[in-house]
Chemist: 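Submitted below is the structure of interest, expressed as structure tokens.
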Amino acid sequence: MNKVDGNWEKKGFIDEPISETIDLKAEIRKLCREKNAIVMAHYYTEGDVQDVADFVGDSLALAQKAAATDAQIIVMCGVHFMGETCKILCPEKTVLVPDLNASCSLAESCPSGEFQKFVEAHPDHTVISYVNTTAAVKALTDVVVTSSNARQIVESFPEDTPIIFGPDQNLGNYVNSITGRQMLLWNGACHVHEKFSVERIVQLKSKHPHAKILVHPECKGALVKLADKVGSTAALIKYSLTDDAQEYIVATESGILHEMQKSAPQKVFIPAPPDDSTCACNECNFMKLINLRKLYNTLKYEWPVIEVDPEVASKAIVPINRMLEISNKLGL
């Protein structure tokens with residue numbers, strides 16, 4: 001393995017120039033074969049990255065794949081906490097993320113020190129954390145959930161169980177509304193899902209009266225009420241494939257439209273606009289840091305590497321495994 005230059009390390013990614021004549025997708029697949037590596041990509045990454053990946057999915061599917069893979073190197077094309085989750089589940093494997101700057105606004109909204117104080121102030125509560133958290137926050141958690149299994153896992157606890165739910169307040173409010181629970185919520189949010197404009201979506205609906213509105217539960221309650229379907233990225237994709245409508249307004253990160261359009265090319269998918277009138281769609285600036293050039297360099301130099309403190313990892317794996325056990329038991 002070539003030595004990584006210190007300037008690259010400071011940048012958080014390898015910024016080596018690549019000849020325009022190189023077929024990056026072909027070279028990435030070649031490196032995967034040579035190094036026994038697997039590329040995993042979230043639905044919110046760029047379409048080119050999704051197309052070259054071995055596996056594309058949402059947070060739950062990526063965690064399940066990480067736990068099951070025989071590959072020696074896992075390249076997580078997504079944000080930092082996803083790489084941490086892979087490393088926690090596969091401590092003996094090398095886990096890479098093409099750009100360490102790919103953080104997550106939701107994870108950042110829940111600093112572990114502040115969350116620990118919040119948990120300690122409510123010692124009788126079961127702690128349920130959304131997967132979009134750092135390893136340190138997972139280490140303070142009883143069970144992790146994703147947007148696709150949050151309701152079912154919350155309902156697996158007795159109705160009188162006092163629960164702390166963090167960090168996404170919108171997802172927590174949604175789960176409360178459909179389960180009748182009164183979970184105590186941490187005040188965190190995703191910058192992408194917070195910015196959708198109800199007014200602009202209503203205007204868009206007037207131009208496309210037959211379009212169905214698909215909404216991720218990280219969105220605010222007012223937008224959720226407009227939805228024909230509320231669900232995780234995987235659930236929204238599945239709905240769009242099995243439903244008979246021909247047009248959809250999609251209120252989640254716009255990267256999901258790549259898989260939707262590829263799976264149903266005869267249908268029309270319209271990204272829901274944010275409150276910024278100059279923008280037609282809503283993107284995660286962190287997810288969009290991942291591109292083919294960085295992915296190629298990451299595989300070539302096997303850097304940046306994700307590391308998790310062993311003590312933190314030993315605590316964080318417990319709620320992740322509990323999530324996987326409950327999900328498997330419920331057939332999720």
Side-chain angles (χ1 to χ4, degrees), residues 39-51 53-66 76-83 85-86 102 104-107 130-133 144-153 167-168 170-172 174-175 178 189-196 201 212-220 223-224 226-243 245 248-264 267 269-272 274 281-290 323-324 327 332:
V39 176
M40 300 167 61
H42 194 275
Y43 288 125
Y44 293 164
T45 54
E46 292 184 353
D48 283 347
V49 173
Q50 294 182 46
D51 288 341
D54 295 276
F55 185 80
V56 182
D58 62 4
S59 296
L60 176 59
L62 295 178
Q64 291 170 323
K65 189 65 178 180
M76 172 52 69
C77 294
V79 293
H80 190 272
F81 79 79
M82 296 178 181
T85 303
C86 286
C104 170
S105 59
L106 180 53
Y130 192 26
V131 71
N132 298 38
T133 52
V144 169
V145 299
T146 70
S147 55
S148 61
N149 64 22
R151 173 181 182 168
Q152 294 91 330
I153 288 181
D168 193 285
N170 292 327
L171 178 59
Y174 174 69
V175 174
I178 59 177
C190 163
H191 78 283
V192 173
H193 294 94
E194 277 278 285
K195 290 182 179 180
F196 285 113
I201 291 173
K212 289 191 175 180
I213 300 176
L214 310 183
V215 176
H216 195 283
E218 288 182 33
C219 294
K220 292 180 178 179
L223 182 53
V224 169
L226 295 177
D228 294 287
K229 172 65 178 180
V230 180
S232 66
T233 49
L236 296 183
I237 291 170
K238 181 178 180 180
Y239 181 85
S240 70
L241 295 178
T242 57
D243 182 65
Y248 300 88
I249 296 169
V250 185
T252 189
E253 209 279 345
S254 59
I256 193 177
L257 271 70
H258 179 74
E259 179 63 26
M260 287 178 162
Q261 200 68 75
K262 188 167 68 171
S263 300
K267 296 190 176 186
F269 298 97
I270 308 163
C281 64
N282 214 353
E283 294 187 343
C284 173
N285 55 309
F286 296 114
M287 286 284 190
K288 295 305 187 272
L289 290 174
I290 310 299
M323 173 190 71
L324 295 174
S327 295
L332 303 177

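Model, not experiment: these values are computed from the prediction.
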Chemist: If you measure from NZ on Lys212 to CG on Leu226, what distance do you get to the nearest 0.5 Å?
Modeler: 15.0 Å

Chemist: Rounded to the nearest 0.5 Å, what separation is found between the OG atom of Ser240 and the CG atom of Leu257?
Modeler: 9.0 Å

Chemist: Name all residues meeting the side chain to side chain contact (heavy atoms under 4.5 Å, CB included) criterion together with Lys195; count only those two or more places apart in sequence or in a different chain, and write none if there are none.
Modeler: His191, Pro274, Asp275, Asn282

Chemist: If you take all heavy atoms of Ala251 and Ala272, which pair is closest and at what distance?
Modeler: CA-CB, 3.7 Å

Chemist: What I'd like to find out is whether the side chain of Pro217 reaches to under 4.5 Å of the side chain of Val224, using heavy atoms alone.
Modeler: no

Chemist: What are the two closest heavy atoms between Gln50 and Val56, and how far apart are they?
Modeler: O-CG2, 3.4 Å

Chemist: List the steps, then state whether side chain to side chain contact (heavy atoms under 4.5 Å, CB included) holds for Leu62 with Cys86.
Modeler: CA-CA 8 Å; Leu62 295 178; Cys86 286; 5.9 Å; no

Chemist: Is there a side-chain contact between Glu259 and Thr233, using heavy atoms and a 4.5 Å cut-off?
Modeler: no

Chemist: How many angstroms lie between OG1 in Thr146 and CG in Leu171, if you round to the nearest 0.5 Å?
Modeler: 9.0 Å

Chemist: Output the distance between atom CG (Leu106) and atom CZ (Phe286), rounded to the nearest 0.5 Å.
Modeler: 11.0 Å

Chemist: Shortest non-hydrogen contact from Ser147 to His216?
Modeler: OG-NE2, 3.4 Å

Chemist: Using a cut-off of 6.0 Å, state whether more than 12 heavy atoms not belonging to Lys220 lie near its atom NZ.
Modeler: no

Chemist: Measure from the side-chain N and O atoms of Asn132 to the backbone N and O of Ala107, and report whether any donor-acceptor pair falls under 3.5 Å.
Modeler: no

Chemist: How long is the straight-line distance from CD1 of Ile201 back to SG of Cys219, given to the nearest 0.5 Å?
Modeler: 7.0 Å

Chemist: Going by heavy atoms in the side chains, are Leu223 and His193 under 4.5 Å from each other?
Modeler: no

Chemist: Just wondering, do Lys238 and Lys229 contact through their side chains at under 4.5 Å, heavy atoms?
Modeler: no

Chemist: Could you go step by step and tell me if Asp51 and Lys262 meet the salt bridge (Lys or Arg N to Asp or Glu O under 4.0 Å) rule?
Modeler: CA-CA 10 Å; Asp51 288 341; Lys262 188 167 68 171; 3.2 Å; yes

Chemist: Counting only pairs under 3.5 Å, give me each side-chain donor-acceptor contact of residues 42-49, with atom names and distances, residues two or more places apart or in other chains.
Modeler:
from  : atom 1 : to     : atom 2 : distance (Å)
His42 : ND1    : Tyr44  : N      : 3.1
Tyr44 : OH     : Thr252 : OG1    : 2.5
Thr45 : OG1    : His42  : O      : 2.7

Chemist: Taking all atoms of both residues into account, what is the closest heavy-atom pair of Val39 and Cys77, and its distance?
Modeler: CG1-SG, 3.8 Å

Chemist: List for me each residue that meets side-chain hydrogen bond (donor to acceptor under 3.5 Å, both in side chains) alongside Asp228, sequence neighbours excluded, and say none if there are none.
Modeler: none

Chemist: How long is the straight-line distance from OG1 of Thr85 back to CZ of Phe81, given to the nearest 0.5 Å?
Modeler: 6.5 Å

Chemist: One pair to check against side chain to side chain contact (heavy atoms under 4.5 Å, CB included): Ser59 and Met82. What are the steps and the verdict?
Modeler: CA-CA 8 Å; Ser59 296; Met82 296 178 181; 4.0 Å; yes

Chemist: Does a side-chain heavy-atom distance below 4.5 Å link Met287 with Val79?
Modeler: yes

Chemist: Evaluate Glu253 against Glu218 for side chain to side chain contact (heavy atoms under 4.5 Å, CB included), listing each step before the verdict.
Modeler: CA-CA 11 Å; Glu253 209 279 345; Glu218 288 182 33; over 6 Å; no

Chemist: Of all heavy-atom pairs between Asp168 and Cys190, which one has the smallest distance, and what is that distance?
Modeler: OD2-N, 4.0 Å

Chemist: Where is the tightest heavy-atom contact between Gly78 and Ala102, given as atom of each residue plus distance?
Modeler: O-CB, 3.8 Å

